[in-house]
There are 2 protein chains.
Amino acid sequence: MSDPASFLHRSLPEAVYLELRRKILNNEYEAGQRLVEAPLAEELGVSRSTVREALRQLNTDGLVDISPRRHSVVTRMSYEEIRDACYARFVLEAGAARLLTFQKDPIVDRLQAVVDRMAATAAGGDVAAMIDLDTEFHSCIIDAAGKHRLAALWRTLDAQMGALMRSSIDRQHIGLDEAARRHQQVVDVFRVGTAEDFVQILEEHYLGTVDSMAQAGVLDSAAAFKP
Amino acid sequence: MSDPASFLHRSLPEAVYLELRRKILNNEYEAGQRLVEAPLAEELGVSRSTVREALRQLNTDGLVDISPRRHSVVTRMSYEEIRDACYARFVLEAGAARLLTFQKDPIVDRLQAVVDRMAATAAGGDVAAMIDLDTEFHSCIIDAAGKHRLAALWRTLDAQMGALMRSSIDRQHIGLDEAARRHQQVVDVFRVGTAEDFVQILEEHYLGTVDSMAQAGVLDSAAAFKP
DNA sequence: CGACCGCTGATTGTCGACCGTCGACCGCCT
DNA sequence: AGGCGGTCGACGGTCGACAATCAGCGGTCG
């Protein structure tokens, strides 16, 4: 993100990648939609090779599924896959959190500030902004641990979850106040508790997230098989 | 690995990717070596596009660094980066382990079997086989948790570490018996302990690994600042 | 009437060529 | 002699064309 050289030489594939990524994450392309190289290339004014490279990148991000010799589609995750990704994200965040000093860690002020903004945003009903704040909140924790690689992995998973959350909250307009409250709870535990307490409430927090996504019916077909 | 469709349609880029990956992981290419597209293409009998795609894939695996408009090189990790990757691997494995039932989990037999083979291998002094067994050992734990996404992330990190371990153990021919003993210790804790005990010994296990790599001088930390 | 089989269109796979850019080298100016 | 600007070679970036392959469709045969 803060790599100074990445602003210069933002290559064509990188730009295409970012554009397609943005559209997928904003649900301008819905899950399962076909992404055909040639039309995208013409639409974006580049050649197929360029689009192709961007699609491969999106594939490794888990945002696009590529069927060999067939066509690419926006990833549609099963309930199982969503749970797995969510759990992996939780595990990484817990791994970051256990490195922090609790109670007197200055990070708590930053977290509180984000939660305050969440409360304000919840009142306004801006779903997209809320999800961005969620990412910002957890990023604080991840970044504070100073583990760059771990943070990178987390960010990939978070982006995917963000896309799902967008589409889930879009469908049922509840939970913004609830979300703000949940995060406040996390901060409170951070203030007075230990790493163990924190991990526990974090896990509940994540489970709540995947549950609300499940109930929102984001997972179209596989939802029926939920235990 | 177990994807049935992956045997069919093993495309050219995939094959090239696997071949280059194998060479990097076996240290047939040393860290920092330049990987120029055109010569590689000719050597492998494919076009530059194909090699290019394989290099991108290796890049996202963290095995190759790509400098825009310049050339690609085999990744040379700093001490910090190694520690980060190692820690992330540990976090993921701990996240898998906490889902297991301890003491009576049937996995322990499989783990013990691997350790037994380790002991035999240590006597023979086969470094490469030992590293493969290490991967197999930890894979048992990861796979037993049944979290596919988490396992995939772990595997990527493990492959990188494997490359480093190969080159570190190559340089100092000690530690094979020591490695076997360490893993036996992990199994013992698994037998009688709880998830918390296990995570603790696992962390020591990982720290020991990164330390021995550090001492082996894999990370030319001084060389990093040298022209 | 249904199942099978080959045609066909759509889409990706692969390639070689041309273009732009970067760093290295060299000669000139101070 | 040292710094600087220009030139050159090397390499990645981008492209359009051609080949391979798959799914769906329509015709045909049992």
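For the numbers below, each heavy atom of this structure counts, side chains included, while hydrogens, waters and symmetry mates do not.
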Engineer: When you measure from the side chain of A:Leu12, which nucleotide among D:dG12, D:dA17, D:dC15 comes out closest?
Structural biologist: D:dC15
Engineer: Rounding to an integer number of Å, can you tell me how far A:Arg48 CZ sits from D:dG13 C1'?
Structural biologist: 17 Å
Engineer: Quickly work out the B:Glu53 CD to C:dT12 P distance and round it to whole Å.
Structural biologist: 13 Å
Engineer: Any idea which of D:dT14, D:dG12, C:dG16 is nearest the B:Ser49 side chain?
Structural biologist: C:dG16
Engineer: I'd like to check B:Glu136 versus B:Arg117 (side-chain heavy atoms, cut-off strictly below 4.5 Å). Are they in contact?
Structural biologist: yes
Engineer: Do any side-chain nitrogens or oxygens of A:Arg34 fall under 4.0 Å of OP1 or OP2 in C:dT11?
Structural biologist: yes
Engineer: Would you say a side-chain N or O of A:Thr50 is under 4.0 Å from OP1 or OP2 of D:dC15?
Structural biologist: yes
Engineer: C:dT12 C1' sits how many Å from B:Glu14 CD, rounded?
Structural biologist: 16 Å
Engineer: In terms of side-chain heavy atoms of A:Ser47, which of D:dG13, C:dT14, D:dC15 is nearest?
Structural biologist: D:dC15
Engineer: Is the closest basic N to carboxylate O distance between A:Glu204 and A:Arg182 below 4.0 Å?
Structural biologist: no
Engineer: OP1 or OP2 of C:dG13 versus the side-chain N and O atoms of A:Arg56: is any pair under 4.0 Å?
Structural biologist: yes
Engineer: Please determine whether a side-chain nitrogen of the Lys or Arg among B:Arg155 and B:Asp143 lies less than 4.0 Å from a carboxylate oxygen of the Asp or Glu.
Structural biologist: yes
Engineer: In whole angstrom, give the distance that lies between atom CG of B:Leu44 and atom P of C:dC15.
Structural biologist: 11 Å
Engineer: Side chain of B:Val36, heavy atoms from C-beta onward: which of D:dT14, D:dC11, C:dT14 has the nearest atom to it?
Structural biologist: D:dC11
Engineer: Nearest to the A:Arg70 side chain among C:dT14, C:dC18, D:dA23, which nucleotide is it?
Structural biologist: D:dA23
Engineer: If we call it a pair only when both distances are under 3.5 Å in a Watson-Crick or G-U wobble match, what pairs with D:dG30?
Structural biologist: C:dC1
Engineer: Using whole Å, what does the distance between atom P of nucleotide D:dG9 and atom CZ of B:Arg69 come to?
Structural biologist: 21 Å
Engineer: In whole angstroms, how far is the P atom of C:dC15 from the CD atom of B:Glu42?
Structural biologist: 13 Å
Engineer: Walk me through it: do A:Lys23 and A:Glu43 pass the test salt bridge (charged side-chain N to carboxylate O under 4.0 Å, His left out)?
Structural biologist: CA-CA 14 Å; A:Lys23 288 191 177 178; A:Glu43 182 182 329; 3.5 Å; yes
Engineer: Look at the rings of A:His205 and A:His138 and say which category their plane angle falls in: under 30° parallel, 30 to 60° tilted, over 60° perpendicular.
Structural biologist: tilted
Engineer: Specify the separation, in whole Å, of atom CG of B:Leu35 and atom P of D:dC11.
Structural biologist: 12 Å
Engineer: Measure CG/B:Leu55 against C1'/D:dG13 and give the value in whole Å, please.
Structural biologist: 14 Å
